[in-house]
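This report refers to the structure that appears directly beneath it.
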Amino acid sequence: MIKARITVTLKNGVLDPQGKAIEHALSGLGFDGVGQVRQGKVFDVELAGSDKAKAEADLKAMCEKLLANTVIENYSVQIA
């Protein structure tokens with residue numbers, strides 16, 4: 001079994017209204033000095049097998065086809 005974590009974030013320059021709302025809410029809760037907040041997504045995936053190279057290729061294909069909108073998002077894959 002191979003376990004992996006995929007992190008998807010917005011590319012620099014892409015507006016992040018949810019991040020801005022979180023930033024504003026933190027300020028309203030008294031957390032002063034919070035800079036820019038950017039939100040993202042995390043996927044924990046388990047794959048059958050033990051071939052890490054195949055798993056990495058499959059995980060990248062999953063990101064390209066479904067998990068990330070590569071026009072506006074970046075992704076990273078970490079295999080544990």
Side-chain angles (χ1 to χ4, degrees):
M1 182 72 57
I2 294 176
K3 293 183 179 185
R5 175 164 283 176
I6 298 168
T7 304
V8 180
T9 56
L10 289 170
K11 290 182 177 180
N12 289 333
V14 175
L15 295 178
D16 185 357
Q18 187 174 1
K20 192 54 119 173
I22 293 166
E23 181 182 327
H24 181 73
L26 289 171
S27 177
L29 290 171
F31 294 102
D32 297 326
V34 175
Q36 182 180 13
V37 175
R38 305 279 289 172
Q39 65 88 32
K41 303 177 272 192
V42 174
F43 300 94
D44 290 325
V45 181
E46 292 183 359
L47 298 173
S50 60
D51 184 345
K52 287 189 176 186
K54 181 181 181 329
E56 186 171 2
D58 287 348
L59 291 161
K60 287 182 178 181
M62 291 176 197
C63 291
E64 294 286 333
K65 293 180 179 182
L66 177 67
L67 301 179
N69 177 349
T70 57
V71 174
I72 62 169
E73 294 175 319
N74 292 319
Y75 65 86
S76 65
V77 175
Q78 299 166 329
I79 296 178

>> Looking at Leu15, I want to see if its CG is surrounded by more than 12 non-hydrogen atoms of other residues, nucleotides or ligands under 6.0 Å.
In response: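 At most 12 heavy atoms, drawn from other residues, nucleotides or ligands, come within 6.0 Å of this atom.
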> Counting heavy atoms not belonging to Asp44, are there more than 12 under 6.0 Å from its CG?
Replying inline: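 Yes, the 6.0 Å shell around CG holds more than 12 heavy atoms from other groups.
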Could you list the donor-acceptor pairs under 3.5 angstrom formed between side-chain atoms of residues 71-80 and any protein atom two or more places apart in sequence or on another chain?
| residue | atom | partner | partner atom | Å |
| --- | --- | --- | --- | --- |
| Glu73 | OE1 | Asn69 | N | 2.7 |
| Glu73 | OE2 | Lys41 | NZ | 3.4 |
| Tyr75 | OH | Glu64 | OE2 | 2.7 |

> So which heavy atom on Cys63 is nearest to which on Ile6, and how close?
Replying inline: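 Taking every non-hydrogen atom into account, SG-CG2, 3.4 Å.
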> Quick one: do Glu56 and Lys52 make a salt bridge, cutoff under 4.0 Å?
Replying inline: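 Result for this pair is no, no salt bridge flagged.
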> When rounded to the nearest 0.5 angstrom, what is the spacing between CD1 in Ile22 and CG in Asp16?
Replying inline: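 Going from CD1 on Ile22 over to CG on Asp16, the span is 7.5 Å.
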> Out of curiosity, does Ile2 fall in the hydrophobic cluster containing Leu59 (side-chain heavy atoms, cut-off under 4.5 Å, transitive links)?
Replying inline: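 Yes, it is one cluster - the side chains of Leu59 and Ile2 are joined through contacts under 4.5 Å.
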> If two hydrophobic side chains count as joined below 4.5 Å and joins carry through other members, does Phe43 share a cluster with Leu66?
Replying inline: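 Same hydrophobic cluster.
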Check: residues 30-40 side-chain donor-acceptor pairs under 3.5 Å, at least two apart:
| residue | atom | partner | partner atom | Å |
| --- | --- | --- | --- | --- |
| Arg38 | NH1 | Val14 | O | 2.8 |
| Arg38 | NH2 | Lys11 | O | 2.9 |
| Arg38 | NH2 | Val14 | O | 3.1 |

> Yes or no on side-chain contact (heavy atoms from CB on, under 4.5 Å) for Met62 and Leu47, after CA distance, side-chain angles and deciding distance?
Replying inline: CA-CA 12 Å; Met62 291 176 197; Leu47 298 173; 3.7 Å; yes
